[in-house]
Structures are given as structure tokens and as C-alpha cells.
Novice: 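Below is a structure I'd like to ask you about.
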Amino acid sequence: MSENVVHLHKPTDPPTPDTAPTVLTVVPDALPARPVPLWVRSGRAVKSVATHETTRATVRAAARHGLYTFNGGRIVARRAWDGRTGSRYERMIRAAEAAGNLEAAEEWEERLQRFRAARHHRRMDLLHSPVEAAKGVAVGAGMSIGVLVALGVVMAISTGHVGDVITPLSATVDFIALLIRIVQVVWGPALSIGPFLALLALWSVGRKQHAAPNWALPANVRSGEGEPITPSIVVKALRDLGVPALARAIKEMGDAGASMLGPIRIAGCGVEVDVTLPSGVATNEVQAKRRKLAENLTRHEHEVFITIPQAARTVRLWVADSGALDEPIGPSPLVTDDTMTADYTKGKAPWGQDLRGDAAGLSLYQRHLLITGLSNQGKTVALRSLALWLSLDKSVQFLMGDLKGAGDWAMFDGLATTLIQGPTDEHVIQVTEMVEGAVNEMNRRLQAPPGTVFPPLIVLVDEAQVAFMCPAKGTGKDKRPYGGAKADSRYFMAVRKIHNQGRAVNVLMWQGTQDPTNENLPKLVREGAHTRASLALGTESQARMALGDKAVDGGAAPNLLRPGLDRGTLVVASDGISIPAGQSSITVRTHYIDDDAATAITDRAKALRDGVTTLHAIDRSAEHDPLADIAAIVGDAPRVRTKDVLARLAARNADAYGDWSFLDLKRVLDDADASPYKSDGVMVVSRDRVARALANRDDEGSASAE
């Protein structure tokens, strides 16, 4: 029997695997966790209970209802005190004096004197009232007894019993005794229940006034969802606006600022109130705090509008109901009323609704129009709805250029005299020539005999920024650019000419453009429009470009509209729309008319007309060739005076050349490198130059065909 030997010293040679001793490692058990002290566990439990949402809700409810009762008592006590004393009048006097309104202060002082005189009269009457009351009671009791005895005599005569004489009197005594017994029974419980009923009444008053701190109020009240706009809420919002002079003035007013407010009127899907600011506070200080004011009123910024009425030192607040502006308005009358017609001279286009919910109609009579805004905000639809209404007046003519070319105006094919659709430089050239043709028509009308009546001609260019930014230039010697904002720009100058004189002969320019800048919407062009409207924009500087400084300084703020969410909402500055007195602009939520509905409207408009052939390109060579016609009328003569050339051209084709001037002739010849020149002191046209120009053009045409 062998035994294992355990060596007590470390061997010098490592043991072989076969003889290596077995080593046992003993791992001690983990020490038991220290118990958490009772006070720690108790503290955690208390903290958990105290911070639990149920506990918080319970504390808020208890505080809320307790403060409802306490503050309700304060409100009732103040009302009673105001009713019994002249403190209300004194507060109004102090408020009027703080606001600098001495006339109102004198009026309130007169009311206070009348109140004191009436109160003195009532108190003097109390000195004589006990004697008068005693006399009245004695006379009343005597008359009542007499009446009852007389009634008993009548009953005794009727029944033959003498005892019936006192029957009515005894019945009355019994009735009075019954009332006394009822009072005795009810009096005890009434004394016990009465205080509870009084507390309930005070609680009801406090609850209606939300007389509790904001943290104790219910969640829906704290968030302001559906909270009505009251004078106290408006004054508190103004006080907390961050304007020191305004906050001090409200604090000094005895009525806590209530005298600043006019009546709160229901205005469409919101309310409207005029605020007369105290001395030392400017209207622009309130305008600059629009977001903070909206949040103080528990509204979003887009739900509060601040305008400046005619009254001095006054701002007009329009506050929407929560979420009301996110609700769509109804369909356009153009869609719902198949019998509607238009009147260019006296009518108004049904464009949409203002913030009050009233119909917003726009007069288009002799007014140039500009609509701008960011991309995809409803500009084309807003512009198109005006053209759709005006198309129902069969006397109106349209020249249309759509420089987007997405088919938004395709329904006017067969209705417009010219309809050009496309975004390329070639389309810009065509549109420019269309506008220049309108200038020629305007000049013809201006030279007509006085009293001549002309049909309205609407020259409409959508996405006009494409024309202003076009880099294309003319050919030949005339290198004038089509785009740009300088005097050599053909599109710019054509628009300016129509703005300057077109209104007098009913030639009107309508333009729609995106994201206005000084480059894509020159200052002279935007200021030439009588009606300026803007959808959502990015900056205040763009708003000033779109609507002008006066409208923006008066409260117009298209830059505060929400891109995407406020699609179709316009801020309009125009004398063609009804704007509240003292305001320089109005906000309109336009009706949305989709492509199918627009097509149905244009079909009705086409039925009113005999038929319109729409040109889709400006092609002067289709009817005549100016260069060939010039060569023909020059004939074999080496030189012909330009005056004679113009006369012969008019005789050859009056429709094409009847309105031509020397500038028109020079433009055609310059483009062909056959410019007129001076010979013997007069301007002439050279036969050789014209022939050479024709030959060069034919050679270029042959080369391009190959």
C-alpha cells in the first residue's frame, strides 16, 4: 500500500507530468452583502412614493381645489367691495392717468361723484325707513285681518253659521304655524349644510377663473389647448413680453392694465383686440416680440398677427383659435357655381378667405399684378385662379408664358391668344418677343383717337425669374441680352414699358416669380405692380422686396408663414382688396383649384367665345419675311431713304408693318448685318447690303439643312 508524500519544500526540478502533485485551490465563500439600513430603505420608499405620478397628480388636485376655494373667496370679496365702495372708479381713474388719457379720467371721476351721491341718498333714506316700515307693517296687518274677517262674514251669510266668520282668519293662523314648524325642522340641517354650500359656491367661482398656479392646473389648461382669450390673459402676455416700460406701466395702473384693451371681438376663426400702449412704449417694440407674445398667449407664432391701425400708439392683435388655421377652407365658388361669370371692370375675383373667415375678393381692373414666394407654396395655383375667373369675361384676351413648362397652364390652350410653355432660353426668347408684341399693341392703342375703348389684354408670365436670369443675347449687331435688370435687357424694358403706360389702355402685366432677389426680380419691376402678394418667404428682406417697406412696417410678415404648412396663404398689399382701416396689408387663405376643376372652368370660358386659335410660338416669318420684303421694295435702286422704306413696307403689308418705326427697321437690318447708314445727310438702306444679308442667310440655312 503506497501513500502520497506531500513535500514541504519547493522542488528545484520541475516535476514531470506523471509525478506532478495535485494542487487544490480553495476559494473562500463571498462575504454576505451588508444589509441596507432601514433609514435608507425608508428614504427610497418615501422618495419613490413622493415622485410617483399618482402622488403628483393627487398633490396638484388637492392644491388646485383648495386654492380654487381660497381664491374664489378673494374674488367674491373683491367684487362685493367694489360693489359697495368707489374703489372700482378709483382704479379706473388711476389707470387713465397712467395712460395719459385725461378725458377718460375726468369721465370716471364724474361717475364716482354720481355713485357717492346715490350712496349718500340711500343712507339718508335708512334713517326714516324703520318708522315707514313699522307703519307699513301695521297698515298691512290691519288690512289683511279686515279682508279675512270680511271673507268670513260672507261665508257665514252663505252657510248660516256664525262661527264661519273667523274661519279664514283661523286658517291663515294655522298656515303661518305650519310655516314656522317647517322652518324649525329645516333650520338645523340648513345651518349645518350652509357653510358647505358657501364653500362650493366659492370653489365654483375660483374654478371658472382658473384661480390657481399654473403648475396646479389640469394639463389641458396648462398647455393652453382651446384656452379662450380673456382680458387678463392678454394683459399678462403683454406684461411678460420683456418690454420694461410696458411692464412698469401695467404695474402702475390701478386696474392692472385692463384700460389698455378695447373690446375683444370674435373675428372669423379667432378674436381681435386693439391695445392702446402706454406712453413710452412704441408699436414696433411689440411687433418685434411676436413669437414671445404668441407663446404667452399659449399660441403658435403663426396664430398671432400684429398690425398697426390708424389710431396712434395702438396695435391690433388677431389671435386664432388653437389649430384653426390648419383647417382647410371650402372650395372656390368657381368650382361650385357653374353659372358664375366675371366682370373685369366692376367685379372681384373670389380668391379665398381672410383671417376673419369673410370672403376675400380681388379687383383686377387696371392693376398690374405680382405674386411671389418660395417654391411649391401654391403660387401658380393662386395666380391661375385669378386668370380662371377673368376668363369668364369673354372680352378679356390673354398672352401667356409659362417658363416652367409643367402643364400648369395647358387648360388655356384654345383660350389664350398665345401660350408658350417651357423653361429653356429659346422659350424665354419667345416670351420676350410676346411681351414686346404687347408693347407694340399698347403703343397702337395709345395713338388711337381719344375715347376709343379697348378690350383688356392680360400679359401673364409665370416663373418670371427664369426670364430675368436668362443669359441669351441677340444675334447680329444687336447684342442686347434678353434677361437681366439693366436698360439693355429686352424683357426688363418691355415689362417696364407696360408698367409705365399699359394701365391706361387696359394692357396689364401679371407675373409670378420664386424666391425674390434683386437679380431675379428687379426693384423697378416689383414696384411697378399695383397688387403685390406673397406666399411664405425666407427672410424679412425678401418680404420687403415682395410687398414693400410700408406693408412690412405695418405688420405684413410673409417670412413668418410656415413653408409647406401654410401653402396657399398669401399676404396681399393692394387697393383692389378690402383691407381693414389703418392696415397696409391683409392675409388671405386662397381656394385650391386642381387641374381637373381648372379644365372644367376653362371649358365654360371657351363656350362663351366664338373660338380662339392659340399660338404656341412667336414666328414672324410665318406670315412675312421682313428682310425679303425690304429687298423687294428696294428693288434695283442702289439706296432708298429709310422713310421711303417704311412707307413702302406699310403699303405692302399694313398689318405687319403699319406700326413700324425707324427703330423696328433698324433692329431687323442690324440683326442681318445690313444696317442703314447716312448718305447726303439722310439715313438710307443699301440694296447691296440687303442682298448680301439675304445670300448669307440662305447659305447658313443650306448649311444647317445639310
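Values in this document were obtained by computation on a predicted structure and should not be read as measured data. Positions are given from 1, in the same order as the sequence printed here. Side chains included, hydrogens not; waters and symmetry mates left out as well; all remaining heavy atoms used.
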Novice: Under the side chain to side chain donor-acceptor pair (under 3.5 Å) rule, collect the residues that match up with D358, sequence neighbours excluded.
Specialist: none

Novice: Check this for me: does any side-chain nitrogen of one of R544 and D549 sit under 4.0 Å from a carboxylate oxygen of the other?
Specialist: yes

Novice: Within the side chain of T599, is there an N or O that forms a donor-acceptor pair under 3.5 Å with the backbone of D595?
Specialist: yes

Novice: Within the 3.5 Å criterion, strictly below it, is a donor on N518 or R526 matched to an acceptor on the partner's side chain?
Specialist: yes

Novice: Side chains of V525 and F468: closer than 4.5 Å at any heavy-atom pair?
Specialist: yes

Novice: Are any side-chain N or O atoms of S489 and backbone N or O atoms of G484, one a donor and one an acceptor, separated by less than 3.5 Å?
Specialist: yes

Novice: Quick one: does L364's side chain get under 4.5 Å of L390's, heavy atoms only?
Specialist: yes

Novice: Any pair with a residue in residues 514-536 that passes ring pair (Phe, Tyr, Trp, His ring centres under 6.0 Å), sequence neighbours left out, goes on the list, sorted by first then second residue, please.
Specialist: H368-H530

Novice: Salt-bridged, K404 to D408, with N to O below 4.0 Å?
Specialist: yes

Novice: Say whether W351 and S385, considering side chains only, have a donor N or O and an acceptor N or O under 3.5 Å apart.
Specialist: yes

Novice: Under 3.5 Å, side chain of R567 to main-chain N/O of N376, donor-acceptor pair present?
Specialist: yes

Novice: Could you check whether any side-chain N or O of D644 sits under 3.5 Å from a backbone N or O of V640, counting only pairs where one atom can act as donor and the other as acceptor?
Specialist: no

Novice: Can you list, pair by pair, the side-chain donor-acceptor contacts under 3.5 Å of residues 491-499, counting residues two or more places apart and other chains?
Specialist:
{"residue": "Y491", "atom": "OH", "partner": "Q511", "partner atom": "OE1", "Å": "2.9"}
{"residue": "R496", "atom": "NH1", "partner": "L524", "partner atom": "O", "Å": "3.2"}
{"residue": "R496", "atom": "NH2", "partner": "N500", "partner atom": "OD1", "Å": "3.3"}

Novice: Inspect the surroundings of NZ in K348 and state if more than 12 heavy atoms from other residues, nucleotides or ligands are less than 6.0 Å away.
Specialist: yes

Novice: Hey, could you give me each pair passing ring pair (Phe, Tyr, Trp, His ring centres under 6.0 Å) that has a residue in residues 540-577? Not counting sequence neighbours.
Specialist: none

Novice: Within the distance-only criterion (no hydrogens, no angle test), does the side chain of R589 pair as donor or acceptor with the backbone N or O of T569 below 3.5 angstrom?
Specialist: no

Novice: Keeping the roles fixed (side chain from D664, backbone from S661), state whether a donor-acceptor pair exists under 3.5 Å.
Specialist: yes

Novice: So does A546 get a backbone contact from the side chain of R532, meaning a donor-acceptor N/O pair under 3.5 Å?
Specialist: yes

Novice: Answer whether the closest heavy-atom distance between the side chains of L362 and S574 falls below 4.5 Å.
Specialist: yes

Novice: If you take all heavy atoms of A536 and R562, which pair is closest and at what distance?
Specialist: CB-C, 4.4 Å

Novice: So that I can tick it off, tell me whether D462 and K379 are bridged by a salt bridge, with the cut-off set at under 4.0 angstrom between side-chain N and carboxylate O.
Specialist: yes

Novice: Do T539 and N559 meet the criterion of a side-chain donor-acceptor pair at a distance under 3.5 Å?
Specialist: no

Novice: Over 60° means perpendicular and under 30° means parallel, so classify the ring planes of Y657 and W660, tilted if in between.
Specialist: perpendicular

Novice: Do T372 side-chain atoms and T513 backbone N/O form a donor-acceptor pair below 3.5 Å?
Specialist: yes

Novice: Is there a donor in the side chain of Y344 and an acceptor in the side chain of N506, or the other way round, less than 3.5 Å apart?
Specialist: yes

Novice: Restricting to side chain to side chain donor-acceptor pair (under 3.5 Å), what partner residues turn up for D688, sequence neighbours left out?
Specialist: none

Novice: Any chance you could lay out the side chain to side chain donor-acceptor pair (under 3.5 Å) test for D515 and Q465, step after step, and finish with the verdict?
Specialist: CA-CA 9 Å; D515 200 10; Q465 77 279 356; over 6 Å; no

Novice: Is K606 reaching over with its side chain to a backbone N or O of D413, donor-acceptor style, under 3.5 angstrom?
Specialist: yes

Novice: Has the side chain of S363 got a donor or acceptor atom that lies under 3.5 Å from a matching backbone atom of G576?
Specialist: no

Novice: Salt bridge check: are R367 and D575 linked by an N-O gap of less than 4.0 Å?
Specialist: yes

Novice: Who are the side chain to side chain donor-acceptor pair (under 3.5 Å) partners of T283, not counting sequence neighbours?
Specialist: none

Novice: Between CZ of R503 and CG of L508, what distance do you get to the nearest 0.5 Å?
Specialist: 9.0 Å

